[in-house]
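Read through the structure below, which is laid out as structure tokens, and then see the notes.
If you read the sequence from its start, that first residue is 1, and numbering goes on from there.
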Amino acid sequence: LMRSTGDLMPKKGAVLELGCGTGDILTCFQNAGYKVQGVERDPLAAKFAREIWGLNILTADITEVELPKESFDIVLFNGSLEHIPDPRSALQAAHQMLKNNGVLLIVTQNFNSLGSQFFKDKWYCLDAPRHLTSFSPSSLEGLLEKIGFNAILLPSNYWVYHFLVI
């Protein structure tokens, strides 16, 4: 994940992962020298991240957490944005939490992927009812630009995911 973003990512600073699960990605950032914070609504996953990895994890819903404005260099949604009932509100909150010139990194399924086109309504990434929203690169880019981000689509595995760094 960090390698695929190249020079677009700050090399140090504070990282917030919204929907961090058991903290695997945050642990990688922490090991690379970043200060990390996570938010996870599943209490068992959050407990694991705290007890096994020693991470600072808030057990809360992404859309209800209140963290200081302009306090993170990187905000990350890694496979979590599609689970949120109101992704616009979550992205607006992330925008407020980012420092000036901060980076928002989103990893989500690509509704325009070859997998989606081939499997149609049988595509496993639809994953109803857990996945509430499916994005195409253009729909996510449009939403992000309305909120005030400058979107950059990075090369990715076009079968499933696309990466947007903002």
Side-chain angles (χ1 to χ4, degrees), residues 1-2 4-5 8-10 13-30 34-50 55-113 116 125-154 156 160-166:
L1 186 62
M2 289 185 277
S4 67
T5 58
L8 297 171
M9 294 279 279
V15 176
L16 172 65
E17 185 177 4
L18 297 169
C20 66
T22 58
D24 299 346
I25 299 293
L26 279 180
T27 300
C28 293
F29 276 102
Q30 184 172 266
Y34 294 87
K35 180 181 174 189
V36 299
Q37 167 78 55
V39 176
E40 175 54 49
R41 70 178 176 188
D42 180 341
L44 292 176
K47 181 180 179 183
F48 181 93
R50 283 191 293 270
L55 298 172
N56 183 13
I57 307 296
L58 297 173
T59 304
D61 189 274
I62 293 168
T63 57
E64 296 171 359
V65 70
E66 292 188 28
L67 291 166
K69 292 182 180 182
E70 298 182 16
S71 55
F72 295 95
D73 300 285
I74 301 168
V75 174
L76 169 63
F77 290 92
N78 184 28
S80 57
L81 189 61
E82 61 270 18
H83 296 267
I84 300 170
D86 184 2
R88 182 185 190 112
S89 293
L91 290 167
Q92 287 171 327
H95 191 268
Q96 292 178 350
M97 290 180 227
L98 274 171
K99 291 180 181 177
N100 191 25
N101 295 320
V103 172
L104 172 67
L105 178 58
I106 300 172
V107 180
T108 189
Q109 75 271 5
N110 178 353
F111 194 68
N112 287 355
S113 71
S116 174
C125 284
L126 291 177
D127 197 18
R130 295 181 334 120
H131 287 178
L132 305 175
T133 308
S134 292
F135 298 99
S136 68
S138 62
S139 70
L140 186 52
E141 185 175 16
L143 176 59
L144 291 166
E145 288 176 353
K146 286 179 186 174
I147 293 168
F149 290 106
N150 295 313
I152 302 168
L153 179 63
L154 295 178
S156 65
V160 179
Y161 295 103
H162 59 267
F163 301 83
L164 283 152
V165 177
I166 300 45

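- Taking Gln30 as the reference, Val36, Leu55 meet the side-chain contact (heavy atoms from CB on, under 4.5 Å) condition, with sequence neighbours excluded.
- With rounding to the nearest 0.5 Å, the separation of CG in Leu76 from CD1 in Ile106 is 9.5 Å.
- Between Leu26 and Val15 there is a side-chain heavy-atom pair separated by less than 4.5 Å.
- Under the salt bridge (Lys or Arg N to Asp or Glu O under 4.0 Å) criterion, the residue pairs touching residues 98-110 are Asp73-Lys99, with sequence neighbours excluded.
- Val103 places a side-chain heavy atom less than 4.5 Å from the side chain of Pro10.
- In this structure, the side chains of Leu104 and Phe77 come closer than 4.5 Å at one or more pairs of heavy atoms.
- Counting only residues at least two apart or on different chains, no salt bridge (Lys or Arg N to Asp or Glu O under 4.0 Å) pair has a member in residues 84-98.
- The distance from atom CG of Leu140 to atom CZ of Phe149, rounded to the nearest 0.5 Å, is 10.0 Å.
- The shortest side-chain heavy-atom distance between Cys20 and Ile25 does not fall under the 4.5 Å cut-off.
- For Ile84 against Ser80, the heavy-atom pair with the smallest separation is CG1-O, 3.5 Å.
- Partners of Ala93 under the side-chain contact (heavy atoms from CB on, under 4.5 Å) rule, at least two apart in sequence or in another chain, are Met97.
- Qualifying side-chain contact (heavy atoms from CB on, under 4.5 Å) partners for Ser139, counting only residues two or more places apart in sequence or in other chains: Phe135, Ser136.
- Among residues two or more places apart in sequence or in another chain, the side chain to side chain donor-acceptor pair (under 3.5 Å) test is passed with Thr27 by none.
- A distance of 4.5 Å separates CG of Leu16 from CZ of Phe72, quoted to the nearest 0.5 Å.
- Looking at Phe29 and Ile74, their side chains come closer than 4.5 Å, going by heavy atoms from C-beta outward.
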Problem - Val39/Leu67 under side chain to side chain contact (heavy atoms under 4.5 Å, CB included): CA gap, chis, key distance, verdict - result: CA-CA 10 Å; Val39 176; Leu67 291 166; 4.3 Å; yes

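- In this structure, NZ on Lys69 lies 12.0 Å from NE2 on His95, to the nearest 0.5 angstrom.
- Looking at Asn150 and Glu145, their side chains never come closer than 4.5 Å, going by heavy atoms from C-beta outward.
- Taken to the nearest 0.5 Å, the SG atom of Cys28 stands 10.0 Å off from the CD atom of Glu17.
- Distance check: Ile62 CD1 to Leu58 CG gives 11.5 Å after rounding to the nearest 0.5 Å.
- At least one side-chain heavy atom of Arg50 sits less than 4.5 Å from a side-chain heavy atom of Thr59.
- Using a 4.5 Å heavy-atom threshold, the side chains of Leu18 and Val75 count as touching.
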